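Everything numeric here is computed off the predicted structure, so don't read it as measured data.
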Amino acid sequence: MRYVGGYEMALEIFTDSAANVPKEKVEAMNINIIPCSYELGGKIIRCPEVPEDFDGRQFYDLLRSKAEVRTSMTNAHEFEEHFEKALEKGNDVLYISISSGISGTYNASRLAAEELREKYPERRIETFDSMGAGLGIGLLVMRAADYRAQGMELNQILSKLSSDRDGLCEYFTVDDLMHLSRGGRLSGVAAVMGTVLNIKPLLRGDEEGKIVVFSKLRGRKKAIAAIAKEYKAKVVDPHLQMVAISHGDCLEDAEKLAAMVREIAEPKELIISVHEPFTGIHVGPGMLSLFFIGSGR
């Protein structure tokens, strides 16, 4: 059995750049990142693997200028190429994906796993649907790495992740409703009216891994306070867990939300990160999100 930095390497953990895992965690926990892609002006651009390598100001300025930016899904062949590197070393594979409720990525990874199981029948290749996005995926990925470090076997890790996923809370608001409209999350009429009236929707990841609007408030300040209120109502054992905040180039608001979270219940660790581009396309500049494990979605 090989260990690197205290982490057992008989099992390799994969996710993609949509998980928004900070570089420090990727390196310390030995997490494999598969880059997502997006299309700009007919050109496919690879997303940075970690948020520290992502120029959030430049990307969100593109969206502010109404540039035509679209997501480009990772295909099964690409997953095979990444997974096979681990399998060739004699290691098992666990891939934790973005929610199947908002992307076809999970299905592509599942098809890749089916192909590789025939070629490597002695190895375990598991794909796990996070039913989350952004740092919602990231929290589960980092927990999986912790469970591996504790010496858990793959079946135990999958069981723990399933329980964590049931309590994965993802709450966010957006500044411009038109990005949700272009992504098919909101009707164009509703988006225009909401923008005129300064309506800020509160959204969450639901029990099926889909993004749904669950409240609408007038004004940014109220929307941020409402996210903090959800944390107060649902967080479980904050002193034992990592809480994460991501933002679409609105660091000041992210820091305000972090201060509210700490005042309510100081978590073991709180990270703030610019939100990655793969799903950032759909939520736009000004998006502000909070991720934690709670009593239920």
_A side-chain contact here means heavy atoms from C-beta on lying under 4.5 Å apart; do Leu40 and Glu68 qualify?_
no
*Are side-chain heavy atoms of Asp249 and Arg64 found at a separation under 4.5 Å?*
yes
_Restricting to side-chain contact (heavy atoms from CB on, under 4.5 Å), what partner residues turn up for Glu207, sequence neighbours left out?_
Arg204, Arg297
*When you measure from the side chain of Thr173 to the backbone N and O of Pro201, does any donor-acceptor pair fall under 3.5 Å?*
yes
*Report yes if some heavy atom in the side chain of Glu126 is under 4.5 Å from a heavy atom in the side chain of Val93; otherwise report no.*
no
*asked:* Please enumerate all residues that pass side-chain contact (heavy atoms from CB on, under 4.5 Å) together with Glu114, with sequence neighbours excluded.
replied: Arg110, Leu111, Arg117
*If you group Ile, Leu, Val, Met, Phe, Trp and Tyr whenever their side-chain heavy atoms sit less than 4.5 Å apart, what else falls in with Leu270?*
Tyr171, Leu202, Phe214, Leu217, Ile224, Ile227, Tyr231, Val235, Val243, Ile245, Leu251, Leu257, Met260, Val261, Ile264, Ile272, Leu288, Leu290, Phe292
*So do the side chains of Ile271 and Pro22 get within less than 4.5 Å of each other, counting heavy atoms only?*
yes
*asked:* If we ignore hydrogens and angles and just use 3.5 Å, is the side chain of Ser159 paired with the main-chain N or O of Asn155 as donor and acceptor?
replied: no
*Go through the structure and list residues passing salt bridge (charged side-chain N to carboxylate O under 4.0 Å, His left out) with Glu255, not counting sequence neighbours.*
none
*Donor-acceptor pair, Thr15 side chain versus Ile96 backbone, under 3.5 Å?*
yes
*asked:* Can you give me the closest heavy-atom contact between Cys250 and Arg220, atom names plus distance?
replied: SG-NH2, 3.4 Å
_Carboxylate-amine/guanidinium proximity below 4.0 Å for Glu80 and Lys85_ = no
*Which ring pair (Phe, Tyr, Trp, His ring centres under 6.0 Å) pairs, counting each pair once, include a residue from residues 105-141, with sequence neighbours left out?*
none
*Quick one: list whatever passes side-chain contact (heavy atoms from CB on, under 4.5 Å) with Leu240, sequence neighbours left out.*
Asp237
*Hey, does the side chain of Ser99 reach the backbone of Gly209 with a donor-acceptor pair shorter than 3.5 angstrom?*
yes
_Beyond-backbone contact of Val212 with Leu203, side-chain heavy atoms, under 4.5 angstrom_ = no
*Output every pair passing ring pair (Phe, Tyr, Trp, His ring centres under 6.0 Å) with a member in residues 240-279, not counting sequence neighbours, ordered by first then second residue.*
none
*Apply side chain to side chain contact (heavy atoms under 4.5 Å, CB included) to Val50 and Val21, showing your working.*
CA-CA 6 Å; Val50 293; Val21 181; over 6 Å; no
_Is there a side chain to side chain contact (heavy atoms under 4.5 Å, CB included) between Leu139 and Met242? Walk through the geometry before answering._
CA-CA 7 Å; Leu139 290 184; Met242 177 189 295; 3.8 Å; yes
*Any chance CD of Glu263 has more than 12 other-residue heavy atoms, nucleotides or ligands included, within less than 6.0 Å?*
no
*For Tyr147, enumerate each residue passing the side chain to side chain donor-acceptor pair (under 3.5 Å) test, keeping only those at least two apart in sequence or located in another chain.*
Asp164
*Is a side-chain N or O of Arg148 found less than 3.5 angstrom from the main chain of Met29, in a donor-acceptor match?*
yes
_Tell me every residue that passes side-chain contact (heavy atoms from CB on, under 4.5 Å) with Glu24, counting only those two or more places apart in sequence or in another chain._
none
*If you look at every heavy atom in Ser295 and Val236, which pair is closest and at what distance?*
N-CG2, 3.4 Å
*Closest approach of Leu135 and Ser246, non-hydrogen atoms and distance?*
CD1-CB, 4.1 Å
*Who are the ring-ring contact (aromatic ring centres under 6.0 Å, His included) partners of Tyr38, not counting sequence neighbours?*
Phe59
*Any Asn32 side-chain heavy atom under 4.5 Å of Ile13 side chain*: no
*asked:* Using a 3.5 Å distance criterion without hydrogens, assess whether the side chain of Ser17 forms a donor-acceptor pair with backbone atoms of Cys36.
replied: yes
*Carefully, step by step, assess Ile211 and Ile102 under the rule side chain to side chain contact (heavy atoms under 4.5 Å, CB included).*
CA-CA 8 Å; Ile211 295 172; Ile102 58 175; 4.1 Å; yes
*So how far is it from Leu11 CG to Asp92 CG, rounded to the nearest 0.5 Å?*
6.5 Å
*Between Asp146 and Arg143, does at least one N-O distance fall below 4.0 Å, as a salt bridge requires?*
no
*asked:* Keeping Asp129 on the side-chain end and Ser100 on the backbone end, is there a donor-acceptor pair under 3.5 Å?
replied: yes
*Counting only heavy atoms not in Glu88, do more than 12 sit closer than 6.0 Å to its CD atom?*
yes
_Pairs involving residues 11-33, ordered by first then second residue, that meet ring pair (Phe, Tyr, Trp, His ring centres under 6.0 Å) (sequence neighbours left out)_ = Phe14-Phe83
*What residue pairs, at least two apart or across chains, pass side chain to side chain donor-acceptor pair (under 3.5 Å) with a residue in residues 41-54?*
Ser37-Arg46, Arg46-Glu78
_Residue pair Ile137 / Ser130: nearest heavy atoms and the distance that separates them_ = CG1-OG, 3.6 Å
_Can you confirm whether Lys229 sits close enough to Lys234 that some side-chain heavy atom of one is under 4.5 Å from a side-chain heavy atom of the other?_
no
*Give the C-alpha distance, both sets of side-chain angles, the deciding distance and a yes or no for side chain to side chain contact (heavy atoms under 4.5 Å, CB included) between Ile33 and Asp16.*
CA-CA 5 Å; Ile33 304 295; Asp16 50 51; 5.5 Å; no
*asked:* Test your reading of the model: is there a side-chain donor-acceptor pair from Gln241 to the backbone of Ile293, 3.5 Å cut-off?
replied: yes
*Does the side chain of Lys119 reach to within under 4.5 Å of the side chain of Glu115, using non-hydrogen atoms?*
no
*For Asn20 and Val274, indicate whether the former's side chain and the latter's backbone hold a donor-acceptor pair under 3.5 Å.*
yes
*asked:* For Asp175, is there an ion pair with Lys200 - N to carboxylate O distance below 4.0 angstrom?
replied: yes
